[in-house]
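Contents: one structure, followed by commentary.
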Amino acid sequence: MKTGNYEFVPGPRGQRLKIHTRGSTIMTLPTINRGTAFTWPERHALGLTGLLPPGVATLDWQARRTYENYLEQASDVAKYAYLAGLRDRNEVLFYRLLSDHLEEMLPIVYTPTIGTVIERFSHTFSRMRGVFTSVDFPEEIEESLLNYGLEPDQCDLIVVTDSEGILGIGDQGVGGVQICVGKLSVYTAAAGIDPRRVMPVVVDVGTDNMKLLNDEFYLGSRHSRRRGAVYDEFIEQFVATATRVFPNAMIHFEDFGAGNAHRILEKYRGRSCTFNDDIQGTAAVVTAAALAGVKTTGARMREQRVVVFGAGTAGVGIADLMRDRMIREGLGEAESYRQFWCLGSRGLIHTGLGDKVRDFQAPYARPAEELATWQLDDPGNVSLADVVRNVRPTMLIGTSARAGAFTEAIVRDMAAHVDRPIIMPLSNPTSRAEAVPKDIIEWTKGQALVATGSPFAPVEYAGRRFEIAQANNALVFPGIGLGVVVSKASRVSDRMIAAAAEAVAEIVDVAPYGRALLPSISQLRRVSGTVAIKVAQTAYEEGLSQVRLEDPVQQIYEAMWQPVYPEIILPPGDWKDMALEKRKAALAARQSAAADGAGDDS
């Protein structure tokens, strides 16, 4: 990679850095700045003499010092601001600190803290890296992308949002760019995606958030959210332009609204290398937990009766991937749909609802005549309790954001007919979880296999400690991205997503009583590498890889960017000896002057 100020070149021990600029400019460039870690020879050669304190630090020392400063911050938002400032000063040190404390800092640089940061975006705006495109100026898309400074072969990953479905807080307008920045931080810390080869982008199509539109400091377009043909044409132009300008980049769609997310993914996944974490990433990590749970019970996925409570973008994505697994285990396509009961805002989705069923939900609509024999509390609305009572599901998945929806009665009813029920209240944040693990464990007498969307502390029950698996997308999306980058996959296929789920499930294998269904976030680097290998191999087997994978393990390992200071190629001259001699001469001159002064006094 080369810019006007510096370039990275291959070396015998990894990349080496050649710096073309001199003086204080170097310390304004976070990609190459290393602050007090510049050695004396480097300071003399690069014109930094006198611009730093005399002490020379190591990266380890800097990481310990910055961690102390991090701990002194008064709130999670203050911690985020500290880390963001560090990233803007010294990128390597930021990622070293984040990598060393990833489990602790993930909730700070990403969800849930990032939600508050996004809401305050226009009020706290400062220097940030990102690309802002506007539906009002579609002709500027290419110029905007190129102005970020990457050459066509220098971009591996673009994370883009239209900000309509940000976390659990909805439409956040132009501030949604911060979700892309947070996502990319996780890609790098967890999987070693090179931070110099990624791009966060917001497509500003307006906002329906009246609070933002009436905020004098709001920095986005001040009009309602554009929809219909205007919206579609803008997204078409963005995807076409990004694919043409950066032909090797995977486009990651993030937090698009439910009405657009599935439609956009289906439209472009066959034309460009695209990925939607809310659909595919969520599906992969939940399927991984399900596979581990099913394996623990000694059953197979094709035998499961699955209830999905909250059949939106995430819920249907989960059903799609699980259904794909059932088909690969031998079920026919039509038969596989019959293993799912999906509930939306109007209760169970069935054919009697007519045009109230969204296109992406329609394949899961149950035949209305099936309900004729059911016992229903209210025949006009088939509730979750009705479904559990009549179906006797083996697996219950919550993506509804309806706190407490998995009631004691519903959970006890389910456990009465299934020895080891798999129950996953996945909604974020914690306050919106369909149930909390402590209650689920007690209501099922410790028999339930539980995974949640938010982190929960272990549960003590009947003298046993139950670890709670967190179905965090960070377990899969970084590895998927790395696998795509290394294989240079032209597309992200369903089989590649399934491979990611299977890779995570294989790490856990069978979960004995009390053990979590998923790996800990503390294992994220290992998990990401494992996922990347499986994804890259699958891309190669499917003919989607544009490079030959002769040794995928080694190729994945070598591709993982490490937060270390690269060797600096100094300009001609033996700067080590020159710096030493210069300092020796200065010291000798001072000693001589002192001796002369002493003689005069005598």
Side-chain angles (χ1 to χ4, degrees), residues 1 3 5-19 21 23-73 79-106 108-109 129 184-198 478 522 524-526 528-529 557-570 575-576 579-580:
M1 178 177 290
T3 72
N5 291 317
Y6 59 87
E7 63 180 303
F8 290 91
V9 298
R13 294 183 299 276
Q15 286 193 324
R16 304 168 74 197
L17 173 61
K18 184 181 292 186
I19 301 176
T21 190
S24 59
T25 299
I26 293 172
M27 291 188 290
T28 67
L29 302 170
T31 302
I32 63 173
N33 179 38
R34 57 186 66 178
T36 55
F38 281 112
T39 65
W40 274 102
E42 291 165 352
R43 296 181 191 193
H44 282 283
L46 300 173
L48 298 175
T49 302
L51 301 183
L52 292 163
V56 176
T58 64
L59 180 57
D60 287 344
W61 186 91
Q62 289 179 314
R64 292 197 303 273
R65 178 177 59 80
T66 51
Y67 184 56
E68 288 182 2
N69 291 335
Y70 168 85
L71 292 176
E72 290 176 356
Q73 304 308 306
K79 288 178 179 179
Y80 177 92
Y82 176 78
L83 292 174
L86 179 61
R87 180 173 53 215
D88 288 340
R89 295 192 307 273
N90 184 333
E91 193 169 63
V92 169
L93 179 55
F94 164 75
Y95 280 112
R96 169 59 188 274
L97 182 65
L98 181 58
S99 298
D100 284 352
H101 306 279
L102 187 54
E103 187 171 18
E104 175 184 355
M105 294 182 178
L106 190 62
I108 303 298
V109 299
R129 302 179 212 181
L184 288 170
S185 295
V186 182
Y187 265 115
T188 296
I193 300 289
D194 192 332
R196 301 163 304 194
R197 300 178 61 88
V198 301
S522 63
L524 207 45
R525 194 86 172 182
R526 171 202 169 193
S528 297
Y557 175 72
E558 291 179 353
M560 297 177 80
W561 181 85
Q562 303 291 337
V564 296
Y565 293 133
E567 177 189 355
I568 294 177
I569 302 174
L570 297 179
W575 288 95
K576 181 176 181 180
L580 182 60

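Predicted model, so just to flag it, every value in this text is computed and none were measured.
- E103 and S522 make their closest contact through OE1-CB, 3.3 Å (heavy atoms, listed as atom of the first residue, atom of the second, distance).
- Using a 4.5 Å cut-off on side-chain heavy atoms (C-beta onward), L184 and P195 make no contact.
- Nearest heavy atom pair, residue L52 against residue G35, reads CD1-O, 3.4 Å.
- Of the inter-residue distances, the one linking T31 atom OG1 with Y6 atom OH reads 3.5 Å to the nearest 0.5 angstrom.
- For Y95, the ring-ring contact (aromatic ring centres under 6.0 Å, His included) partners are W561, not counting sequence neighbours.
- Counting only distance, with no hydrogens or angles, the side chain of T28 and the backbone of T25 share a donor-acceptor pair below 3.5 Å.
- Across all non-hydrogen atoms, the minimal contact from Y80 to I108 is CD1-O, 3.2 Å.
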Stepwise, does the side chain to side chain contact (heavy atoms under 4.5 Å, CB included) test hold for I568 with T39?
CA-CA 10 Å; I568 294 177; T39 65; over 6 Å; no
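- No hydrogens or angles considered: a donor-acceptor pair under 3.5 Å links the side chains of E104 and Y67.
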Would R87 and L98 count as a side chain to side chain contact (heavy atoms under 4.5 Å, CB included) if you check the C-alpha gap in whole Å, the side-chain angles of each, and the deciding distance to 0.1 Å?
CA-CA 10 Å; R87 180 173 53 215; L98 181 58; over 6 Å; no
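- How far CG of L59 is from CG of L93: 6.0 Å, rounded to the nearest 0.5 Å.
- Atom CE of M27 is separated from atom CZ of F38 by 8.0 Å, given to the nearest 0.5 angstrom.
- A distance of 8.0 Å separates CD1 of I32 from CG of L46, quoted to the nearest 0.5 Å.
- Minimum heavy-atom separation, L17 to P566: CB-CG, 4.0 Å.
- Using modelled atom types, one side-chain atom of T66 and one backbone atom of A63 make a donor-acceptor pair closer than 3.5 Å.
- Atom CZ in R16 sits 4.0 Å away from atom CD in E567 (nearest 0.5 Å).
- The shortest heavy-atom contact between A190 and L102 is CA-CD2, 4.3 Å.
- For the pair L48 and E42, the minimum side-chain heavy-atom distance is 4.5 Å or more.
- Between I193 and V198, the shortest heavy-atom distance links the atoms CG2-CG1, 3.6 Å.
- Rounding to the nearest 0.5 Å gives a distance of 9.5 Å between CG of N69 and CG of L86.
- Residue E91 is tested with R96, R34, R196, R129 for a salt bridge (charged side-chain N to carboxylate O under 4.0 Å, His left out); the sole match is R129.
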